[in-house]
Amino acid sequence: MIFFDKLHQNISQNQSLLFVGLDPNPEMMPGRYSSQDIIDGLWDWLQFIIAETADFVCAYKPTLGFYEALGVPGLELLQKTLAAIPSHIPIILDAKHSDLNTSTIFAKTVFTQWGVDAITLSPYTGQDHVAPFLVYPDKAVFILCSTSNPGAEALQQYPTRESPLYLQVVQESKNWGTPEQLGLEVGTTNAEVLARIRQVAPERMIMVRSIWAEGGNLNRILEVGLNTDGNGLLIPVPQDMLASANLSKEIQSLRAEINQVRDITVRDVASCSVWLPDVFTVKQHPLHDLILQLYDIDCIMFGNFVQASGAVFPYYIDLRKIISNPQVFNQVLSGYENIVKNLTFDRLAGIPYGSLPTATGLALRLNCPMIFPRKEVKAHGTRRLIEGNFRTGEVVVVVDDILISGKSVMEGADKLKSAGLNVHDIVVFIDHEQGVKDKLQANGYRGHAVLTISEITSVLHQAGRINDEQFLALTAE
Ligand SMILES: O=c1ccn([C@@H]2O[C@H](COP(=O)(O)O)[C@@H](O)[C@H]2O)c(=O)[nH]1
């Protein structure tokens, strides 16, 4: 089971967004455990915490540093602690790992030997450092975006308050992994920091930290951090509560306080004035995350854009940008692949320039030969209209990015046909709809699209990326 499914199962089973830090910090150990050997005392305390909280939390978060600080006995204590956690409760190892050279071996150790479900990572070594943790499909990472440490302010708020580095980290890390793989860790005493992060990452699970310092404003944290379904936040049990002999009672009353706000959030959304078909709230689009990521890397832009035909559209889709983002590019290729693999053909052809990288990626994935019709024939060299080798009579599937009027893709397909090739199928990523597929059919081509513009619009609206006005303008288009 993937990490986030396991997490959500516990959230609903225990009706709790609370997680507990399982930290053997001798300084915080309650006095009632101090008469014995320090490791034994810590172990008794950790066992007590697990026993008192297992029915009321959604996850445990042991902090590696506290165990390491105790030396070899500490690492043994970690193994005992991991084994003592009921297997249905996910474990997020708080490691803040950020060493590039050891990330592959470290990921293997924590995920396969220690059996933890997720890990916290520092972002500064970038995607290369995170990637080795993401090759484990059922595990997840939480990227540290902000900390409440006053000493970090100078970095986190750099260069300006309007465009601070911590938001850049959120924006960038969203490109590293899908919401099923990557969540965010946000340590802050300031709910406005969380509000800004939630705005940039409405779809991500956010593990908040440090919210209890300076009195804490739980209601405001929940107000700005919860998703419309009353989820999306993992909330720490306050450290001083873990020292209490009444832990179980106290955690239940905190859980009730949080759930009250969750209920109100869900009720308010249910009575929202804009009506949307139920299907959007019940069943998520299978390419939901990809659509959001395409929007976040600016492939989908809203505004007034003049098309080749002279018509003005309220959006422009620039899929050429995907080549700069391997993670998104891979998902786009999978979308095409799901269609192309069911077709019968000899070669793939991409329409220059925008669709050449996509056709190349697909040709490599499917291990099939590729060609492409030139935009213009050169006056020198081979003067070929079609680049690549082929035999007349072969069947070619044409790949392009987006169908607006269908003119450019049909021009490309016609060039292939004029060279003696057969083209029956045209596969694009986005269909602008408005009857363009019928137009292809009238010209002898079957059109296939990974997504339609209305699917994209609905997902963006539902996720809060576009407002009601934009949504209504686009659906009326
Ligand atoms: O949002 C858009 C609109 C158009 N393009 C480019 O145009 C063609 C599709 O237009 P047709 O009218 O179907 O010829 C497409 O291949 C793009 O090159 C775009 O990228 N984004």
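Hydrogens, waters and symmetry mates play no part in the numbers below; they use all other heavy atoms, side chains included. Counting starts at 1 for both ligands and their atoms, in listed order.
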As an exercise, state the distance from [atom1] of [X] to [atom2] of [Y], rounded to the nearest 0.5 Å.
X: S103; Y: F133; atom1: OG; atom2: CZ; value: 5.5 Å
X: N325; Y: N175; atom1: CG; atom2: CG; value: 4.5 Å
X: F19; Y: D94; atom1: CZ; atom2: CG; value: 8.0 Å

Taking C-beta and beyond as the side chain, do [X] and [Y] meet within less than 4.5 Å on heavy atoms?
X: F305; Y: V312; answer: no
X: T147; Y: Q156; answer: yes
X: I317; Y: Y315; answer: yes

Indicate yes or no: does an N/O atom of [X] lie under 3.5 Å from an N/O atom of ligand 1?
X: L403; answer: no
X: S405; answer: yes
X: Q307; answer: no

Suppose we measure from [atom] to each protein heavy atom; which comes out shortest, and what is that distance?
atom: atom 8 (C) of ligand 1; value: S408 OG, 3.5 Å
atom: atom 9 (C) of ligand 1; value: I402 O, 3.3 Å
atom: atom 5 (N) of ligand 1; value: Y316 OH, 3.5 Å
atom: atom 18 (O) of ligand 1; value: R320 NH2, 3.1 Å

Query raised in the report: Does at least one non-hydrogen atom of G406 fall below 4.0 angstrom from an atom of ligand 1?
Result: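 Contact check G406 vs ligand 1: positive.
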Query raised in the report: Going by the order shown, which atoms of ligand 1 are within less than 4.0 Å of some heavy atom of I317?
Result: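 Checking each atom against I317, I get 1 (O), 2 (C), 19 (C), 20 (O), 21 (N).
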Query raised in the report: Can a donor-acceptor pair be found between the side chains of T452 and E455 at a distance below 3.5 Å?
Result: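 The answer is yes; a qualifying pair exists.
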Query raised in the report: Without hydrogens or angle criteria, can the side chains of S454 and E433 be said to hold a donor-acceptor pair below 3.5 Å?
Result: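 Judged by distance alone, the side chains do pair up.
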Query - Side chain, backbone, both or neither: D318 near ligand 1, heavy atoms under 4.0 Å - result: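 Neither; nothing of D318 gets under 4.0 Å from ligand 1.
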Query raised in the report: If you measure from each non-hydrogen atom of D401 to ligand 1, which part falls under 4.0 Å: side chain, backbone, both or neither?
Result: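 The part of D401 near ligand 1 is the side chain, not the backbone.
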